[in-house]
Amino acid sequence: MSENVVHLHKHTDTPATVDTAPTVLTVVPDAPPVRPVPLWVRSGRAVKTAVTHERTRSAGRAVVRHGLYTFNGGRIAARRAWDGRTGSRYERMIRAAEAAGNLEAAEEWEERLQRFRAARHHRRMDLLHSPVDAAKGVAVGAGMSVGVLVALGVVLAISTGQAADVVTPLTATIDFIALLIRIVQIVWGPAVTIGPFLALLALWSVGRKQHAAPQWALPSNVRSGEGEPITPSIVVKALRDLGIPALARAIKEMGDAGASMLGPITIAGCGVEVDVTLPSGVSTNEVQSKRRKLAENLTRHEHEVFITIPQAARTVRLWIADSGALDEPIGPSPLVTDETMTADYKKGKAPWGQDLRGDAAALSLYQRHLLITGLSNQGKTVALRSLALWLSLDKSVQFLMGDLKGVGDWAMFDGLATTLIQGPTDEHVIQVTEMVESAVDEMNRRIQAPPGTTFPPLIVLVDEAQVAFMCPAKDEDKRPYGGSKANSRYFMAVRKIHNQGRAVNVLMWQGTQDPTNENLPKLVREGAHTRASLALGTESQARMALGDKAVDGGAAPNLLRPGLDRGTLVVASDGITIPAGQSSITVRTHYIDDDAAKAITDRAKALRDGVTTLHAIDRSEEHDPLADIAAVIGDAPRVRTKDVLARLATRNPSAYGEWSFIDLKRVLDDAGAEPYKSDGVMVVSRDRVARTLANRDTEGSASAE
């Protein structure tokens, strides 16, 4: 038999007040032994619970807080008194001016110190003569007062006829003085008793107003500092506590005058902005690397403080948001609210969003290649699409679009873009690559045109471009479509457009995720004039997205919050207004949903004659030029010959990539659908081509019979 445990039970049929029940022994086999908990253990647990209880800790914090309020309030009052009686304030300002290298200010404070000392010396010399002068004044005053009272008594005696009234005013004055002395005697005792407590209360009030206690002892609402306004003293304390020894020593030597490092604190949108001139021995990158700590010292979150480097040497520019302001959405896009808005590719700017100051952020797209990157689901497509939506309102702009995500984000451009390829497969990558190569052919044709020839802007847009760079497919000559080698078809086509397309208004726009050397080659990302990045994971990715110069100047898309800062971009471009001395700007873009985007493209389509959108590149060897011409004309009554050539080259680069106006005219003349002039430009008539095709088909059917 295993060990048994004996449990003690008591009958409960007797009253609770009488503990006379017999003890019953019950044997429970195989039960663990139950041992009574020692009293000292229970006491220790009780003490531990009491010490760690929130009420106990709150009471402890309150005792420490109010005690330090009084103690530090006395220190503050003593320092203020000392500053008022001595020239220490002036000396601190002189040291601060010297540390900042401002010798003019130092000389001015030196002059003020000399004037203060001279005035103080004059007051002390006056004190040597003041006792005698005071005694003389008291004697003369007392004599004059007695004389006045006696004269008043004489007048009173004459009026009443009583000689005793001569001393009545003097007697009344003596009685009044006696009454005052009696009141002072009564009040003096309690005043002496209460006075120290009133003095301590005054010191406590001074300390409480200055929050003169450790952060852990302050109340939770004060300790969090949520929404606390930014003042010079708060900025100086935040800088002092960054953990940079040289900066802390310099501020300590300056005393309270550390604010001399600061420029004016100005309101900037939903926050404030201030320039900080760092003392000698402190570099700007030391402060930049402490962004999180600086933000917490300013009672802000990390994403609410931006540190940039202006033109002035040894200076950092701080932009500090109001608490929670960056979590509030911005207003709708003007593209949505203004149905009469149109675009101007050359002179206009796309309304993209707002900068951190709350000012409108507009981007010029004229002859600038574009790259937007960021983590997945951060608003990259919406930001890229909003630029294309604005540009679609310029009827001269042509689009070749490849969406390698293929979920319909660009479907509203059907009937607006000349080519729209949507899908994530290798076959779609092949189609997009050939589309970009057709744009290269169009670029070469434009370059060979006579000098002075103007060309309509052609935007070659590829969203999710990393799919193209990562594509493993190869053509019949074993040339890869993806990759970043010299024989990579997509890579080389993009590079050619980057090299020469800008001069003839052939521009490359790309959107890509999670930039790395594999899915976004160095030569491609550096070929973009406008580079923008949403939230990224690492600083190395930020450097790939924006370049070293922008990141060294304070650009930090890797510090944006994924999911929370969706649609917020860090932009490096000369096409957007960037504050002087900075290399980038942060933009909160407008959100345009699919329904609003469709409404905008409907307005854009109404501005045009009609566009037939191709959804695949025809790579077949056999082709019918007249049928292809009819297909690219679409529903438009007439299309300019140069537009027909461009669309044909996009439709079948191998067949029409080298076509000129002479080739087009030859085919049309042979078919009896000759081009003609309309408003001074050569056009091709839809009706002529359609009639010719109809007649040809009829004749073909008749001959077959």
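- Remark: side-chain polar atoms of His529 are not paired, donor with acceptor, to backbone N or O of Asp574 under 3.5 angstrom.
- Between Leu180 and Val184, the closest side-chain pair of non-hydrogen atoms is not below 4.5 Å.
- With hydrogens and angles ignored, the 3.5 Å screen pairs a side-chain donor or acceptor of Thr589 with a backbone N or O of Gly567.
- When atom types are taken as modelled, the side chain of Ser333 and the backbone of His590 share no donor-acceptor pair closer than 3.5 angstrom.
- Residues Leu370 and Leu387 are in side-chain contact: their nearest non-hydrogen atoms beyond the backbone lie under 4.5 Å apart.
- For the pair Arg291 and Phe306, the cation sits on the ring face: its NZ or CZ lies under 6.0 Å from the ring centre, inside 45° of the axis.
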(request) Report the C-alpha distance between Leu384 and Ile372 in whole Å, list the side-chain angles of each, state the deciding distance to 0.1 Å, and finish with yes or no for side chain to side chain contact (heavy atoms under 4.5 Å, CB included). (result) CA-CA 7 Å; Leu384 183 61; Ile372 298 180; 3.9 Å; yes
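- Side chain of Arg531 to main chain of Met544: a donor-acceptor pair is present (N/O by atom type, distance under 3.5 Å, no hydrogens or angles).
- A heavy-atom distance below 4.5 Å is found between the side chains of His121 and Met125.
- Formation of a donor-acceptor pair under 3.5 Å by the Trp204 side chain with backbone atoms of Phe71 is not found in this model.
- Checking side-chain atoms of Ser205 against main-chain N and O of Leu201 turns up no donor-acceptor pair under 3.5 Å.
- No donor-acceptor pair closer than 3.5 Å links the side chain of Asn285 to the backbone N or O of Gln288.
- When side chains are defined from C-beta on, Leu546 counts as touching Val570, because their heavy atoms get closer than 4.5 Å.
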(request) Start with the C-alpha distance between Glu296 and Arg300, add both sets of side-chain angles, then the distance that settles salt bridge (Lys or Arg N to Asp or Glu O under 4.0 Å), and finish with yes or no. (result) CA-CA 5 Å; Glu296 292 173 351; Arg300 295 295 191 271; over 6 Å; no
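- Dense packing is recorded around CZ of Arg120, with more than 12 heavy atoms of other residues, nucleotides or ligands lying under 6.0 Å away.
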(request) Start with the C-alpha gap between Gln541 and Asp514, add the side-chain angles, then the distance that decides, and say whether side chain to side chain donor-acceptor pair (under 3.5 Å) holds. (result) CA-CA 7 Å; Gln541 290 178 331; Asp514 193 18; 2.3 Å; yes
(request) Start with the C-alpha distance between Ile177 and Thr173, add both sets of side-chain angles, then the distance that settles side chain to side chain contact (heavy atoms under 4.5 Å, CB included), and finish with yes or no. (result) CA-CA 6 Å; Ile177 294 173; Thr173 301; 4.2 Å; yes
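- Side chain to side chain, Asn517 and Arg525 meet the donor-acceptor criterion of an N or O pair below 3.5 Å.
- Side-chain contact annotation: Asp359 with Gln354, donor-acceptor N/O pair under 3.5 Å absent.
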(message) Show, in sequence, the C-alpha distance, side-chain angles and deciding distance for Arg543 and Asp552, and conclude whether the salt bridge (Lys or Arg N to Asp or Glu O under 4.0 Å) test is met.
(response) CA-CA 9 Å; Arg543 292 184 180 275; Asp552 291 338; 3.0 Å; yes
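- Just one of Val274, Ile251, Val235 meets the side chain to side chain contact (heavy atoms under 4.5 Å, CB included) condition when paired with Met261; it is Ile251.
- At least one side-chain heavy atom of Val287 sits under 4.5 Å from a side-chain heavy atom of Ile244.
- Between Leu569 and Ala383, the shortest heavy-atom contact is CD1-CB, 3.9 Å.
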(request) Start with the C-alpha distance between Glu108 and Arg112, add both sets of side-chain angles, then the distance that settles salt bridge (Lys or Arg N to Asp or Glu O under 4.0 Å), and finish with yes or no. (result) CA-CA 6 Å; Glu108 181 180 352; Arg112 293 185 183 184; 3.0 Å; yes
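- Of the options Leu247, Leu298, Val316, a side chain to side chain contact (heavy atoms under 4.5 Å, CB included) to Leu239 is made by Leu247 and by none of the others.
- The backbone N or O of Ala313 lies less than 3.5 Å from a partner atom in the side chain of Thr315, making a donor-acceptor pair.
- Other residues, nucleotides and ligands contribute more than 12 heavy atoms inside 6.0 Å of the CG atom of Leu564.
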(request) Check the pair Thr284, Arg317 against side chain to side chain contact (heavy atoms under 4.5 Å, CB included), reporting the backbone distance first and the verdict last. (result) CA-CA 10 Å; Thr284 55; Arg317 178 169 295 161; over 6 Å; no
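- Ser583 OG to Asp548 CG: the interatomic distance, rounded to the nearest 0.5 Å, is 11.0 Å.
- Neither side chain, Thr308 nor Trp319, offers a donor N or O lying under 3.5 Å from an acceptor on the other.
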(request) Decide side chain to side chain contact (heavy atoms under 4.5 Å, CB included) for Thr171 and Asp175; before the verdict, give the C-alpha distance in whole Å, the side-chain angles of both, and the deciding distance to 0.1 Å. (result) CA-CA 6 Å; Thr171 305; Asp175 292 341; 3.9 Å; yes
